[in-house]
There are 2 protein chains.
Amino acid sequence: MLYPAESRIMLAIDCCIFGFDGENLKILLIKRNFNPEKGNWSLMGGFLRADEDLNAGAQRILHELTGLNNVYMEQLYTFGNIDRDPVERTVSICFFALINIHEHDHELAKSQNGYWFTLGKIPPLIFDHETIVAKALSQIQYKAALHPIGFELLPERFSIPQLQNLYEAIYGFALDRRNFRRKILSTGLLLDTGEKNENSSTKKAVLYKLDQAKYEKQFNAFHYFMSMK
Amino acid sequence: MLYPAESRIMLAIDCCIFGFDGENLKILLIKRNFNPEKGNWSLMGGFLRADEDLNAGAQRILHELTGLNNVYMEQLYTFGNIDRDPVERTVSICFFALINIHEHDHELAKSQNGYWFTLGKIPPLIFDHETIVAKALSQIQYKAALHPIGFELLPERFSIPQLQNLYEAIYGFALDRRNFRRKILSTGLLLDTGEKNENSSTKKAVLYKLDQAKYEKQFNAFHYFMSMK
DNA sequence: TCAAAAGTGTTCAAGCTACACCCATGA
DNA sequence: TCATGGGTGTAGCTTGAACACTTTTGA
């Protein structure tokens, strides 16, 4: 038994891949060397295969461009307006990924025509991809305000000023150093590695790493309206 | 030009429809009188039509069961594991809707075999629908903790104790009356109608209504980690 | 020794928690 | 007049916001 045929629709997966270079929040886009819209910029994407789950498809597409596996990735939203793809109706299940920008396979990305763009300096994109990017950014801003996802964009060992730069890049405004530090340390998620950031040419900042156990346990913890017990 | 055929997949839309009867949070399920899984319980759903946007499809499906239009509804998540539907691979774009349980078309719901179940007393559901319901509930708990969505489940005029009952039903534990009232009133979202709840057989509670302008303006306002300017 | 970034403490205001008594209503 | 649920105020504590000076480092 099968369902009636008329409802079968093209299913795409698109990925908003974010990275942080220490100063700006960036997104990885590709210049298409294939049709449709050859020569124009788009998110990395592809069609869902018949034999793969949604997350597997998203990880595959991310891997094809970055060489990375086991990356932080979340389903963002499904876009499906009837005319969003002029070739044929295509519903796109969109994900966003947070990667350590220094760890991905630069050669691979280059071979796929992948380039990093700073948010706010993004070229025109095909289809509704600008809408998707806007939604992804707003989701990251939302989620990072409540949950410790920022660490996914940093190296394993990082300083508190690095983390603060990241937050400032995500939200686009400056934060108070003393309050930021107190807030972050009060979560208890950071472990002092005893090492210092040797790259600095001024005072070297202490490097921390995530307390993985606490991170996983506390990840979803959080409440606000709720604390009115 | 069209895309290659192999990626066309069945696309369903499923709706978690929530209501509140004054005491319990409830969900509207249907006893299927059609195949597959005839005689078993499921969410209300249907296939996406070639000529409708996703939201339109969701509103159509909601309308078919409740007779309602212009209901609060959000895209929840897209479920697409390859074996989630034994008939044929089907990706389901899921929505949740919050309705005023007293306003829907009871006859229509009945004619579609729709019945309300209290959360926690839900029968076994087909496919992965139990997962979907769990995700929807968790999303409502999450969102209601941060944004004023609870009002969507109440009549236009409602008392603060009614609202408190709703919150207690959503989270499953009791709240302090005085603190709850102060918190809710401090949002400035409520307007005193001057009327009282005539249904009560004890002291009649004052009825409020939403300040629509403020509601729309403040809906997305909210921050937590963020308030560390 | 200077410039640049890291690190540290305190004070004030606002908001949250906990908690007990009186009021209105209908039976 | 009693039982039920609605309505109110305060004190203590926690948390967030604002803010300035000292330390480390390499040029």
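Chain A is the first sequence line, chain B the second, and so forth, proteins listed ahead of strands; every chain is numbered from 1.
- Near DNA chain D, defined here as any heavy-atom distance below 4.0 Å, the residues from residues 200-209 of chain A are A/Ser201, A/Thr202, A/Lys203, A/Lys204, listed numerically.
- For A/Glu37, the side chain to side chain donor-acceptor pair (under 3.5 Å) criterion is met by A/Asn40, not counting sequence neighbours.
- With rounding to whole Å, A/Arg177 atom CZ is found 10 Å from D/dA20 atom C1'.
- Between B/Phe151 and B/Tyr215, the ring planes are perpendicular. Angles over 60° get that label, and only those under 30° would be called parallel.
- For the atom pair B/Leu98 CG and B/Leu166 CG, the distance stands at 9.0 Å (nearest 0.5 Å).
- With hydrogens and angles left out, the side chain of B/Arg182 and the base of D/dG9 share a donor-acceptor pair within 3.5 Å.
- Formation of a donor-acceptor pair under 3.5 Å by the A/Tyr171 side chain with backbone atoms of A/Gln141 is found in this model.
- One can place CD of A/Gln164 at 11 Å from P of C/dG7, the figure rounded to the nearest angstrom.
- For A/Arg178 against C/dA6, a side-chain-to-base donor-acceptor contact under 3.5 Å is absent.
- B/Lys196 has its NZ atom 13 Å from the C1' atom of D/dG5, to the nearest Å.
- In this structure, the CG atom of A/Asn165 is 10 Å from the P atom of C/dA5, given to the nearest Å.
- Listed by chain and residue number, A/His104 satisfy the ring pair (Phe, Tyr, Trp, His ring centres under 6.0 Å) test with A/Trp116 (two or more places apart in sequence, or in another chain).
- What separates CG of B/Leu185 from P of D/dG6 is a distance of 14 Å, to the nearest Å.
- There is a side-chain donor-acceptor pair under 3.5 Å between B/Ser92 and B/Asp14.
- Per the geometry, CD1 belonging to B/Ile184 stands 11 Å off P belonging to C/dC16, to the nearest Å.
- With the nearest nucleotide of DNA chain C identified for both B/Glu198 and A/Ser159, A/Ser159 has the one nearer the 5' end.
- The CZ-P distance, from A/Arg181 to D/dT15, rounds to 20 Å in whole Å.
- Under the 3.5 Å distance criterion, the side-chain polar atoms of A/Asp21 are matched with a main-chain donor or acceptor of A/Asn24.
- Counting to the nearest Å, the C1' atom of C/dG7 and the CD atom of A/Gln162 are 16 Å from each other.
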